[in-house]
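Report on the structure given below.
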Amino acid sequence: MQKVIVGKQVKELDALFVKESGISSYQLMERAANEFCHWFESKYKKAYTVNIYCGTGNNGGDGLAIARILSGMGYEVKVAIIGNQEKGSVDFIKNLKVLPKKVIESNWRQLEPRDLCIDAIFGVGINRPLEGEYLDLVQMLNNNEAVKISVDMPSGLPSETPADGEVFHADYTISFQFPKLALLFPEHAAYVGKLVVRNIGMEPKHFKPFPSEYWFFSGENMPAYHRKFHVFSHKGDFGRIILAGGSFGKMGSICLSTKASLRTGAGLVFCKVPGCGVNIVQSTIPEAMVIPPSSDMEVDADLDLAGIDAIGLGPGLGKGNHAHKLVHHVLENYTGPTVLDADAINILGEKREWIALLHPNVVLTPHLKEFERLTGKTCDNHLQRIKLAKDFCMNNHCSLVLKGAFSLLTFPDGTQVFNNSGTVFMATGGSGDVLTGILTSLLGQGYSMKNAAICGVFHHGHAGELAGEKYGRGTLPTDIINSIPQSLLAFGIE
C-alpha cells in the first residue's frame with residue numbers, strides 16, 4: 001500500500017530520496033521521463049506525431065527529457081516552451097542544453113496541431129488560477145482535437161485542493177510513485193482522464209518520515225490481506241451470513257448480493273426476503289437458504305441473529321415500516337460484522353438518532369448521494385467529503401466505503417485508503433449490491449473489518465475490470481459476479 005504525501009512534504013520526499021539513493025535530482029527526473037516514455041511506447045506507435053508544451057520549472061524539465069527520449073525512440077516530436085527560459089529551474093536548463101537539434105523549439109502559437117499533445121507546463125507547485133499567456137495556451141489546447149496527456153498533474157490543477165479556473169483537460173495523466181490528492185477527486189475527472197501511476201524506485205522507508213492519513217491501494221501484496229484456509233476447512237469455517245433486503249419489484253438487488261457472497265466463498269448464506277421474493281431466490285440461487293418470512297411485500301423485522309457471523313442489510317429493502325423496524329432491530333441487537341447499504345443507509349439518514357447505535361463492526365457503503373443523506377450536502381467538493389467521512393467514522397466508531405472512482409475507505413482510527421481498481425463500465429445499477437455481497441462474505445469468513453474492506457473493494461473493482469474487458473459498455477453486475485473467482489485467482493488467493 002502506497003502512502004500519499006501532501007503539501008511541502010512532496011519536495012522534501014524527493015530531496016530525501018535523492019540524498020539516500022545517491023542520485024541527483026536530474027537523474028530522478030530522468031527516471032520519471034523514462035517511465036513516462038515506457039508507458040507511451042506501449043500505447044502509441046511511432047507513426048504518431050507529438051507536440052510537447054513545457055513550462056520552465058521542473059515539470060517543464062520532465063517534458064524536455066521526455067521529448068529527447070521519445071525522439072531517440074523514433075517519434076516525430078516538436079517542443080514549445082512558455083516562460084522565461086533564463087529563469088528556468090536548474091534541471092530544466094540542463095535538459096534544454098541536451099535537447100536534440102531535430103526537436104524544434106517553437107513559440108506555442110506557431111506550433112501546428114499534431115496527433116498527440118503532452119502537457120508539461122505546470123506540476124504540483126501551482127496554487128493560483130492560470131492567467132495571461134498560460135491561460136491562453138491551455139484554452140487553446142483544450143479546444144484541440146489531439147489526444148492529450150499530462151505529466152504528473154494537468155496544468156492549472158492544484159495538487160490538493162479543488163480546481164479554480166481553467167485546467168488542462170487530459171485524456172491521460174501520468175503521475176509518479178503516488179497520485180497527488182486532487183487527482184482522486186470526482187469533480188476533477190474531466191481534467192485527469194485516465195490516471196496512470198508509474199513507479200520511480202522509491203521504497204516505503206523513504207515515506208516513513210512523512211506522516212499521512214491517506215493511502216493508495218493497487219493490490220500490492222494482496223495475499224497478506226486475505227485469510228488462509230487449510231485442507232480440513234469446512235463450510236462453517238467460511239461463515240454463516242445473512243443478506244437482508246428485497247421488496248416487491250426490487251428482488252434483483254438482494255439476488256445480486258447473494259450471488260456475489262457465494263462467488264466470494266461464503267460457506268452458508270441465508271436470505272431474509274419478503275414472501276413475494278421467496279420463489280425468486282430459491283429458483284435462481286439454489287445454493288442460498290431463505291428465512292421464512294411473515295410479510296409478503298416487505299422484509300419483516302423477525303430475525304434471529306444467533307450464530308450468524310455477518311449480516312448485509314439494505315439492497316432493495318425499501319423504506320417502509322417493516323424496513324425501518326428491521327434496521328433498528330439489527331443495529332440495536334447485533335454487534336457482529338454488519339454491512340449497511342442502499343436503503344439501510346437512507347433509513348439511517350432519516351432516523352439520525354440511530355447513528356448512535358453504530359459500532360466498530362459496522363461498515364457503510366454509500367454512493368455520493370447516500371453519503372450526503374448521512375452527512376449533509378457537500379457542494380461537489382471531495383476534499384470536504386474526505387474530511388466529513390473521517391469525522392463521521394471517528395465520531396461514530398465505524399467504517400465507511402464512499403463508492404465511485406477511487407472509492408474512499410475510511411476507518412475509525414482516521415486512516416483513509418483510496419482504491420485503485422475499477423472501470424467506468426461498472427457504472428450501472430446493481431454494481432453496489434455486488435459489493436455488499438462481497439464484503440458480507442469476507443466478514444463472515446473471519447476477516448478483520450479493515451482487511452475485508454481493502455480486499456472486498458479492490459476485488460470488486462478488479463472483477464469489474466475483467467468483465468469490462470470482455471463486455472465493454474454491455475457489462476452487467478452478473479458479469480462482475482462471475483469474474484470474482486478470476487480476480488481472486490489472479491492474486492494467488494485460493
[Y] and [X] aromatic ring geometry - parallel, tilted or perpendicular at 30°/60° bounds:
| X | Y | value |
| --- | --- | --- |
| Phe406 | Phe216 | tilted |
| Trp39 | Tyr44 | perpendicular |
| Phe36 | Phe40 | parallel |

Any donor-acceptor N or O pair under 3.5 Å, side chains Thr410, Gln416: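 Side-chain D/A pair, Thr410 to Gln416: present.
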
Backbone N/O of [Y] and side chain of [X]: donor-acceptor pair under 3.5 Å:
| X | Y | value |
| --- | --- | --- |
| Ser448 | Asn451 | yes |
| Gln177 | Ile200 | yes |
| Asp343 | Asn346 | no |
| Thr173 | Leu195 | no |
| Asp171 | Lys148 | yes |
| Asp119 | Ile121 | yes |

Side chain to side chain contact (heavy atoms under 4.5 Å, CB included) between Asn142 and Val167, intermediate numbers included: CA-CA 9 Å; Asn142 283 342; Val167 178; over 6 Å; no

Does the distance from a Lys or Arg side-chain N to an Asp or Glu carboxylate O, for [X] and [Y], drop under 4.0 Å?
| X | Y | answer |
| --- | --- | --- |
| Glu465 | Lys470 | no |
| Arg114 | Glu76 | yes |
| Asp164 | Arg128 | no |
| Lys450 | Asp413 | yes |
| Lys94 | Glu30 | no |
| Lys78 | Glu112 | no |

Close side-chain approach of [X] and [Y], heavy atoms under 4.5 Å:
| X | Y | answer |
| --- | --- | --- |
| Ile82 | Glu133 | yes |
| Val79 | Tyr53 | no |
| Phe92 | Ile81 | yes |
| Lys46 | Met73 | yes |
| Val151 | Ile66 | yes |
| Arg385 | Phe371 | yes |
| Phe425 | Glu469 | no |
| Cys398 | Leu364 | yes |

With sequence neighbours excluded, residues passing ring-ring contact (aromatic ring centres under 6.0 Å, His included) with Phe491: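 Expected list: Phe458, His459, His462.
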
Worked check of side chain to side chain contact (heavy atoms under 4.5 Å, CB included) between Leu16 and Phe210: CA-CA 11 Å; Leu16 176 66; Phe210 305 103; 3.9 Å; yes

Candidate pair Glu203 and His206, rule side-chain hydrogen bond (donor to acceptor under 3.5 Å, both in side chains), full reasoning: CA-CA 6 Å; Glu203 300 176 19; His206 299 117; 5.3 Å; no

Could you tell me the separation between the [atom1] atom of [X] and the [atom2] atom of [Y], rounded to the nearest 0.5 Å?
| X | Y | atom1 | atom2 | result |
| --- | --- | --- | --- | --- |
| His188 | Leu183 | NE2 | CG | 9.0 Å |
| Ser21 | Leu28 | OG | CG | 7.5 Å |
| Ser106 | Asn51 | OG | CG | 8.5 Å |

Crowding at OH, Tyr48 (>12 non-hydrogen neighbours, <6.0 Å):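 For Tyr48, atom OH is not crowded (no more than 12 foreign heavy atoms under 6.0 Å).
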
Check against side chain to side chain contact (heavy atoms under 4.5 Å, CB included), Val363 and Leu400: CA-CA 5 Å; Val363 57; Leu400 186 144; 5.8 Å; no

Residue pair Thr338, Leu358: steps toward the side chain to side chain contact (heavy atoms under 4.5 Å, CB included) verdict: CA-CA 10 Å; Thr338 304; Leu358 297 176; over 6 Å; no

Ignoring hydrogens and angles, write down the donor-acceptor pairs under 3.5 Å from the side chains of residues 433-444, residues two or more places apart or on other chains.
unit_1 : atom_1 : unit_2 : atom_2 : d
Asp433 : OD2    : Ser253 : OG     : 3.3
Thr436 : OG1    : Asp341 : OD2    : 2.7
Thr436 : OG1    : Gly432 : O      : 3.4
Thr440 : OG1    : Thr436 : O      : 2.7
Ser441 : OG     : Ser261 : O      : 3.0
Ser441 : OG     : Ala266 : N      : 3.2
Ser441 : OG     : Gln445 : NE2    : 3.0

Over-ring placement of Lys3 relative to Phe207, 6.0 Å and 45° cut-offs: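 Pair Lys3/Phe207 does not count as cation-pi.
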
Over-ring placement of Lys180 relative to Phe178, 6.0 Å and 45° cut-offs: yes

Verdict with supporting geometry, Ser407 and Asn419, side-chain hydrogen bond (donor to acceptor under 3.5 Å, both in side chains): CA-CA 5 Å; Ser407 291; Asn419 175 68; 5.3 Å; no

Stepwise salt bridge (Lys or Arg N to Asp or Glu O under 4.0 Å) check, Glu20 with Lys205: CA-CA 10 Å; Glu20 291 195 353; Lys205 66 179 182 180; 5.1 Å; no

